[in-house]
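Within every chain, numbering begins at 1; the chains are lettered A, B, ... in the order of the sequence lines, protein sequences first and strands thereafter. Atoms considered below: every heavy atom in the structure, side chains included; atoms not considered: hydrogens, waters and symmetry mates.
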Amino acid sequence: MIKITLKGDVVKEYDNGTSIAQVAQSLGQGLFKAACCGKVDGKVQDLRFELNADCALEICTFDDDNGRRAFRHTASHMLAQAVKRLFPNAKLAIGPSIENGFYYDFDVEKPFTNDELAKIEAEMTKISKEELKIEHFTLPVDEAKKLMASEPYKLELIDEHAASGEAISFYKQGDFTDLCAGPHLLDTGKIKAFKLTSATGAYWRGDEKNKMLCRVYGTAFPKAAELAEYLEKLEEAKKRDHNLIGRQLKYFTTSDVIGQGLPLLMPKGAKLFQILNRYVEDKEAEHGYVMTKTPFMAKSDLYKISGHWDHYRDGMFILGDESKDKEVYALRPMTCPFQYTIYNTELHSYKDLPIRFGETSTLFRNESSGEMHGLIRVRQFTISEGHLVVTPEQLESEFDGVVNLIKEMMGELGLLDDLTYRFSKWDPDDKEKYVGTAEIWENCQNTMRHILDDLGLEYTEAVGEAAFYGPKLDIQIKNVHGKEDTLITVQIDPFLAENFDMVFVDKDNAKKRPYIIHRTSIGCYERTIALLLEKYAGALPLWLAPVQAIVMPISDRQQEYAQNLVKKLRQNGMRVELDDRNEKIGYKIREGQLEKVPYMLVLGDREMENGEIAVRSRSEGDKGAMKIDDFIAMAAEEVRTKAK
RNA sequence: GCUACUGUGGCUCAAUGGCAGAGCAGUUCACUCGUAAUGAACAGGUUGUCGGUUCGAUUCCGACCAGUAGCUCCA
């Protein structure tokens, strides 16, 4: 007998060799039906796993992340089985579960059409109804290869696994067998509520040098209602897409003849940009930043010193032609070397440091044509850029200061809770991308990890995501499609100070290398505006709203009163417009609501007589009449508290 | 850059190998109106661009441009 510690520290005895599924069954039929996998002493295991020693066991259902993954991974096998039945020549690549579903990659002559996707989905329904038992088995490498002889991608995977010395693991359901480490459900009947959402291209092993396969995405839930709710939520999310809202509400537009990745900010977008920009520059000044204003282009010489010419040339817009003996310039893809040049105009004492340079900096990057996306990924953008030149002793406190400033600002924008943190490290095997020696990288990364841990940040680590010149703290955010992007980045640069021969004179009168922190405070204005529009579905908080209120006289009689009101509100710093069109009040209000204007100020004879305004809030509706000064005070307080 | 889809007045969408249509927005006129659309009239398009097939192309084919999702790359 073995002792198994279950949820709530309940200990029960079982026969040696009892499977996780059997334990679940002994605890109740409901749990058995819902069980997707188990966790034995913290390690995820298949339901078929036999327990042979005392252990702690957790039964994972769909509510658990591991359970959900097993559930959807089983769905991905059903997808592959359906494809194999309908398209026997399709070659199988891989098919994992992902955050909100699963996918499977196939090598097929022609990518699947929507009609074919529907047929595959119908076949999956059949497979579900067949309630095929899913069996697990292992084979030695040579037999495994025999079994998968017609699957070149599987053979490649087997060869890789072979190095570990372990037997090769398979799962079989009816007429379909797949190379797979599991875990999986016990039969295909559990997966009833699923949907194939799209078919796209994806490179084998995520490498663009490899063949592009056909990837089918799908999702699955235990109940049809949950699936419907999820799909509904996806549709709802799409309505918040900044690319839709931003164009509808006239924040930005694009033009075929201007070019890809070159959005035009319209009056509302430009106003929002200005609000954010003033906020950033004022806030940074408070925090001891000094502003620079540097050229949008420079000779290639500059980028040769910084290393960008070698590492980043394809990403730059280059002007001039070297072969014609003309000077070659490039639009700047970053601000670093410009601010370094300012630093180097004089010899600095340790007493001068830290120096915190900030610049509202417009950058140009020649992104590949397939990368552009609304305001999130563009070819020209403006970033709240900055570089801190610090002594080694100041590195930690200055880094902390940067992160705290970011958090304060993200809090005021209302985005703080949507952020995740990523520690982006170099890839020692990628000699092409990264400069410098392993020793410097490891040192710098250890310093950074130490700082992040002291800050108490919860972060993930990502190999190969560092800049070519140093490790990064990337602050990530997801768009309405669930796609993650970097909103903000803070980098420690141990190399470029060397390239630019930057020094400071320390207490001992010796010239030493400073550290440089590259950082942004709210990121690129375009991208941040996009995420704000999505966060608020266009209904920006009062302090950010390009138009904060619209004054709406009911008839011509209130014309003069309305104009005076607009004047007074503007004198009090409010962004106000007058809607004196000859339209009914209901019509004006409808438009104001659709434009997501925070306040609509209705003026009729009653208000005019009493020196009041009837205030309508976009979210709370008619708030009744109030004195003008009371409204000004109320709005001022709302602006002051920002998004908190 | 790769895979797929899409492109019709300012916007949302309809239609067809044979004269391109609706709603909203716009303009004009009337109405001076109390919290999500007053009525009428008018105007607005070389169907993304350039080629090809065809008696005839907006529709079919090709290239390019742009947009969308995914991959790769990246702030």
Which is true for [X] with a 4.0 Å heavy-atom rule: it touches a base, it touches only sugar-phosphate, or it touches nothing?
| X | result |
| --- | --- |
| A:R557 | sugar-phosphate |
| A:I585 | sugar-phosphate |
| A:K238 | nothing |
| A:G370 | base |
| A:V490 | nothing |
| A:I488 | nothing |
| A:F112 | nothing |
| A:G374 | sugar-phosphate |
| A:D605 | base |

Pairing partner of [N] (Watson-Crick or G-U wobble, both distances under 3.5 Å):
| N | value |
| --- | --- |
| B:G62 | B:C50 |
| B:A43 | none |
| B:A15 | none |
| B:U38 | B:A30 |
| B:A69 | B:U3 |
| B:G56 | none |

Gap in Å between the two [atom1] atoms, one belonging to [N] and one to [M], rounded:
| N | M | atom1 | result |
| --- | --- | --- | --- |
| B:A30 | B:C13 | C1' | 31 Å |
| B:U53 | B:U46 | P | 25 Å |
| B:A63 | B:G21 | P | 32 Å |
| B:G7 | B:C50 | C1' | 16 Å |
| B:A75 | B:U6 | P | 33 Å |
| B:C2 | B:U72 | C1' | 8 Å |
| B:U3 | B:G62 | P | 14 Å |

Value in whole Å for how far the [atom2] atom of [N] lies from [atom1] of [X]:
| X | N | atom1 | atom2 | result |
| --- | --- | --- | --- | --- |
| A:R527 | B:A75 | CZ | C1' | 5 Å |
| A:M372 | B:A69 | CE | P | 13 Å |
| A:I550 | B:U35 | CD1 | C1' | 14 Å |

A:Y340 and A:H387 aromatic ring geometry - parallel, tilted or perpendicular at 30°/60° bounds: perpendicular
Parallel, tilted or perpendicular, as decided by the 30° and 60° cut-offs, for the rings of A:Y312 and A:H308: perpendicular
Expected output: side-chain A:Y303 to main-chain A:A330 donor-acceptor under 3.5 Å: yes
Could you please name the option among [options] that lies closest to any side-chain atom of [X]?
| X | options | answer |
| --- | --- | --- |
| A:K472 | B:A75, B:U3, B:G70 | B:A75 |
| A:A614 | B:A75, B:C71, B:G34 | B:G34 |
| A:R616 | B:U35, B:C2, B:C74 | B:U35 |
| A:E367 | B:U35, B:C74, B:G1 | B:C74 |
| A:E583 | B:C71, B:A75, B:U38 | B:U38 |
| A:H373 | B:A36, B:A75, B:A69 | B:A69 |
| A:D256 | B:A36, B:A66, B:C74 | B:A66 |
| A:T254 | B:C71, B:G67, B:A36 | B:G67 |
| A:D241 | B:U35, B:A69, B:A75 | B:A69 |
| A:H481 | B:A69, B:A4, B:A75 | B:A69 |

Under 4.0 Å: is that the gap between some side-chain N or O of [X] and OP1 or OP2 of [N]?
| X | N | result |
| --- | --- | --- |
| A:Q260 | B:C65 | no |
| A:K588 | B:U32 | no |
| A:S369 | B:G1 | yes |
| A:K209 | B:U72 | no |
| A:Y587 | B:A25 | yes |

Ring center gap for A:Y599 and A:F631 short of 6.0 angstrom: yes
Proximity of A:Y469 and A:H518 rings by center, below 6.0 Å: yes
For a quick check, tell me whether the side chain of [X] and the base of [N] share a donor-acceptor pair closer than 3.5 Å.
| X | N | answer |
| --- | --- | --- |
| A:Y203 | B:G70 | no |
| A:R215 | B:C71 | no |
| A:E371 | B:U72 | yes |

Aromatic A:Y103 / basic A:R215 pairing, under 6.0 angstrom, 45° off normal: yes
RNA chain B: 5'-proximal contact among A:L594 and A:G261 (nearest heavy atom): A:L594
Residue whose closest nucleotide on RNA chain B lies nearer the 5' end, A:E607 versus A:G206: A:E607
Charged N-O contact under 4.0 Å between A:K433 and A:D427: no
Salt-bridge present (A:R581, A:E591; N to O < 4.0 Å): yes
Pair A:R72-A:S97, side-chain donor/acceptor within less than 3.5 Å: no
